[in-house]
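The block underneath contains the structure these notes are about, expressed in structure tokens.
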Amino acid sequence: MTDTPYDLAPGDTKALVSRPEAKLSGVLVYTIGLVLAVGLTATSFWAANTSQLWGPGVALGLAVLAIAQMGVHLVFFLHITTGPDNTNNVLALAFGILIVTMIVIGSIGIMSDLSHMMPMQSGSMGMHMQH
Amino acid sequence: MNDIALPLPAMADKAPASEAGPAAKRIVVAFGFWVFLLSDIVMFSALFAAYAVLVRNTADGPSGDQLFSQTSVAVETACLLVSSYTCGLMSLSIEARRQLGTYFWAAVTFALGAAFVALELSEFAGMIARGATPQRSAFLSSFFTLVGCHGLHVTAGLVWLAFMMLQVNLRGLRDNVKRRLQCFALFWHALDIIWVWLFTVVYLMGVHP
């Protein structure tokens with residue numbers, strides 16, 4: 001039973017510690033991830049509070065920053081790579097992202113479409129939701 | 001011409017795929033847990049969608065920008081992010097079989113996670129004291145469901161981590177204990193990814209005018 005097989009587990013630290021071809025030490029990988037994540041988080045908080053940016057664009061910018069930070073977490077903390085030993089992990093992740101996108105975009109799209117079609121209902125909607 | 005195909009340089013230390021046999025148990029276990037985590041994230045996506053749909057239905061009650069304090073959210077974010085980092089350092093200690101390092105980083109991770117839960121609970125208590133209960137409006141119902149569900153996950157992670165340290169103490173860093181710790185690390189990092197979306201969608205987009 002070989003221990004350097006054709007698959008890697010998600011979040012595998014063994015690859016960081018014992019692989020001869022690993023170029024960065026494990027601590028350095030996590031530290032780079034932390035620094036990048038802190039930078040992106042700080043940018044998010046700044047963008048939400050500043051008045052220097054065009055207001056309607058801020059929400060989109062925040063979403064982009066969150067996607068970037070998700071990428072940082074996946075690469076530096078969960079060690080998801082594009083290598084052939086990660087194919088299974090990436091495929092599962094891609095399927096998860098597909099379902100998540102369908103649920104979120106689909107729900108928001110359908111519900112905003114409904115509230116456009118029933119403009120009078122929007123006032124009493126809140127009343128019903130109280131109970 | 002040579003009859004035997006020479007292996008590629010990168011594959012020189014491995015058996016060919018046809019002879020490698022099934023993947024090691026730690027890889028199968030972690031992949032299965034990865035699939036569970038993705039299904040958990042799908043569940044969270046439904047809660048996010050519900051929140052996004054209901055966020056304007058405040059029923060004349062308090063709205064997000066009146067309730068949320070950005071300072072406490074920033075501190076909560078810092079706690080969770082740094083605890084994700086220390087959890088990674090714990091994984092490295094486990095891989096290097098350093099038991100003391102494992103205990104130390106686990107304790108730091110636990111403390112930061114507990115600080116996060118305590119801050120979140122005090123935030124909830126403050127909101128409820130001001131009349132912003134889950135029953136008040138559809139916005140608040142979906143808010144408490146979404147954020148509370150994440151908080152419950154973090155709490156479950158803390159209990160899991162405490163039990164794992166007990167197992168490390170009683171059984172040492174055996175293979176099955178290491179596999180469970182590997183799953184815990186995956187769980188903890190995934191919770192941080194969910195929190196990134198939480199503070200972006202709920203707190204920052206909600207506070208932004």
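Bear in mind the structure is a predicted one, so any value in this text is a computation, not a measurement. A note on names: the letters A, B, ... follow the listed sequences, proteins ahead of strands, and every chain is numbered from 1.
- Inter-residue side-chain proximity for Tyr30(A) and Ser91(B) is flagged as met; some heavy-atom pair is nearer than 4.5 Å.
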| request: Take Asn86(A) and His79(A) through the side-chain hydrogen bond (donor to acceptor under 3.5 Å, both in side chains) test and state the conclusion after the steps. | output: CA-CA 9 Å; Asn86(A) 256 278; His79(A) 316 305; over 6 Å; no

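- At least one side-chain heavy atom of Gln52(A) sits under 4.5 Å from a side-chain heavy atom of Trp46(A).
- Residues Arg26(B) and Asp12(A) are paired through a salt bridge, judged by an N-O separation under 4.0 Å between the basic side chain and the carboxylate.
- In this structure, Leu78(A) and Pro10(A) have side chains that are not in contact, with every pair of non-hydrogen atoms separated by 4.5 Å or more.
- To the nearest 0.5 angstrom, Gln167(B) atom CD is 7.5 Å from Asn176(B) atom CG.
- Checked by atom type, the side-chain pair Ser137(B)/Thr58(B) shows no donor-acceptor distance below 3.5 Å.
- Listed by sequence position, Leu186(B), His189(B), Asp192(B), Ile193(B), Val196(B), Trp197(B) are the residues of residues 184-198 of chain B in contact with chain A, using a 4.5 angstrom heavy-atom cutoff.
- For the pair Tyr203(B) and Val147(B), the minimum side-chain heavy-atom distance is below 4.5 Å.
- Looking only at side-chain heavy atoms (C-beta outward), Leu34(A) and Phe76(A) stay at 4.5 Å or farther from each other.
- The part of Phe199(B) that comes within reach of chain A is its side chain, from C-beta onward, which places non-hydrogen atoms under 4.5 angstrom from that chain.
- Using a 4.5 Å cut-off between heavy atoms, Ala42(A) makes no contact with chain B at all.
- Panel note: side chain Trp34(B), backbone Ala9(A); no donor-acceptor pair is recorded below 3.5 Å.
- Ala74(B) and Phe45(A) get closest at one heavy-atom pair: CA-CZ, 3.8 Å.
- Between Leu37(B) and Phe33(B) the shortest side-chain heavy-atom distance falls below 4.5 Å.
- Looking at Leu40(A), there are no atoms closer than 4.5 Å to chain B (heavy atoms on both sides), in backbone or side chain.
- Within the 4.5 Å cutoff, the side chain of Trp105(B) has no heavy atoms near those of the Leu92(B) side chain.
- With a 4.5 Å cut-off on non-hydrogen atoms, Val42(B) touches chain A through its backbone and its side chain both.
- Using a 4.5 Å heavy-atom cut-off against chain B, the contacting residues of residues 103-110 of chain A are Ile103(A), Val104(A), Ser107(A), Ile108(A).
- For a residue to count as touching a neighbouring chain, one of its non-hydrogen atoms must lie under 4.5 Å from one of that chain's; by this rule Val201(B) does not touch chain A.
- Heavy atoms of Leu98(A) lying under 4.5 Å from chain B are absent altogether.
- Neither the backbone nor the side chain of Ser112(A) comes within less than 4.5 Å of any heavy atom in chain B.
- Contact count against chain B (heavy-atom pairs under 4.5 Å) is highest for Thr41(A) among Leu74(A), Val72(A), Ile99(A), Thr41(A).
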